[in-house]
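Read the numbers this way: they start at 1 and go in the same order the structure lists the ligands and their atoms. Just so it is clear, the values below take in all heavy atoms, side chains as well, and ignore hydrogens, waters and symmetry mates.
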Amino acid sequence: YEQLAADTVILALGQDADTGFLEAVPGVELAADGTVSVSSSMMTGCPGVFAGGDMVPAERTVTVGVGHGKKAARHIDAWLRDATSTRSPKHPTADFDALHLWYFGDAVRRQQPESAPESRIADFTEVLGSLSVDEATYEAGRCLSCGNCFECDGCLGSCPEDAVVKLGAGLRYRFDYDRCTGCAVCFEQCPVHAIEMVPEES
Ligand SMILES: Cc1cc2nc3c(=O)[nH]c(=O)nc-3n(C[C@H](O)[C@H](O)[C@H](O)COP(=O)(O)OP(=O)(O)OC[C@H]3O[C@@H](n4cnc5c(N)ncnc54)[C@H](O)[C@@H]3O)c2cc1C
Ligand code: SF4
Ligand code: SF4
């Protein structure tokens, strides 16, 4: 390895979660690296105590932490109701060929602001700025939502039989099978392949 002369060394990497305060909690199991063991429902060995994110053995990223929070919230809710949280089965993944990319159009990527090279050497001000909330939200909107309805209302507008019933924001749609003729117009136009045509039970 290389040796570097330095006046000050600032520890800025390799942070660990400070879980020492949990040592006194009965049932909580701590690994040698300080992470807390959790079950598949994110519950520690102490009934009613849940954990997630950097303090449990997993990939330490924001995405994983947010996912743990969502999963734990479902299980906490069920635990408080003395019930079991069950997830509805995942939709099959819609591959690239199943998407209708014409729907999404093209848009130039939002650029993060960067300071000019001459000003970078003047001080330690951050060189790369952040996107604004609007820009970040716009970029997140590029998600192709493969196989998952994102409520574009395409099926609602295209059904010739008015068989698609909108259930409200976040609640998606219901298909009225008394009206549906099985013409597949909704299926064919769905940008993200969130609709499957299945044969009617005889
Ligand atoms: C330098 C650095 C760069 C990173 N870059 C990225 C990146 O680019 N992308 C990415 O996905 N991830 C990145 N990560 C990882 C990411 O930041 C973490 O995975 C994520 O923040 C973990 O979220 P968390 O909620 O589990 O923990 P934290 O965000 O650490 O939140 C824990 C909170 O609990 C508080 N707390 C601690 N002890 C107690 C106590 N006893 N009582 C009350 N409150 C307490 C803390 O103050 C803190 O606010 C980076 C991490 C570091 C250190
Ligand atoms: S099922 Fe498809 S077409 Fe209908 S609203 Fe959802 S994404 Fe749009
Ligand atoms: S299959 Fe045809 S009739 Fe049935 S919901 Fe879709 S568009 Fe409407």
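- Listed by atom number, the atoms of ligand 2 under 4.0 Å from Ile195 heavy atoms are 1 (S).
- Between Gly65 and ligand 1 there is no heavy-atom distance shorter than 4.0 Å.
- For ligand 1, none of its N or O atoms has an N or O atom of Asp18 under 3.5 Å away.
- For ligand 2, the atoms sitting less than 4.0 Å from at least one non-hydrogen atom of Tyr173 are 5 (S), numbered in the order shown with element in parentheses.
- Within the listing of ligand 2, atoms 3 (S) sit less than 4.0 angstrom from a heavy atom of Gln189.
- Close contacts between ligand 1 and Gly53 involve ligand atoms 26 (O) [criterion: under 4.0 Å to a heavy atom].
- Of the N and O atoms on the side chains of Asp134 and Ser132, not one donor lies less than 3.5 Å from an acceptor on the other residue.
- Listed by first then second residue, pairs satisfying salt bridge (charged side-chain N to carboxylate O under 4.0 Å, His left out) with a partner in residues 150-168 read Asp153-Lys166, not counting sequence neighbours.
- For residues 96-119, the side-chain hydrogen bond (donor to acceptor under 3.5 Å, both in side chains) pairs, not counting sequence neighbours, are Glu114-Arg120.
- Looking at ligand 1, you won't find any N or O of Met55 less than 3.5 Å from one of its N or O atoms.
- The number of protein N, O or S atoms lying under 2.8 Å from atom 8 (Fe) of ligand 2 is 1.
- Note on ring orientation: taking the six-membered ring where Trp is involved, the planes of Trp79 and Phe50 are perpendicular (angle over 60°, cut-offs 30° and 60°).
- Using a 4.0 Å cut-off to heavy atoms of Phe175, the atoms of ligand 3 that qualify are 5 (S).
- Distances under 2.8 Å from atom 2 (Fe) of ligand 3 pick out the protein N/O/S atoms Cys183 SG.
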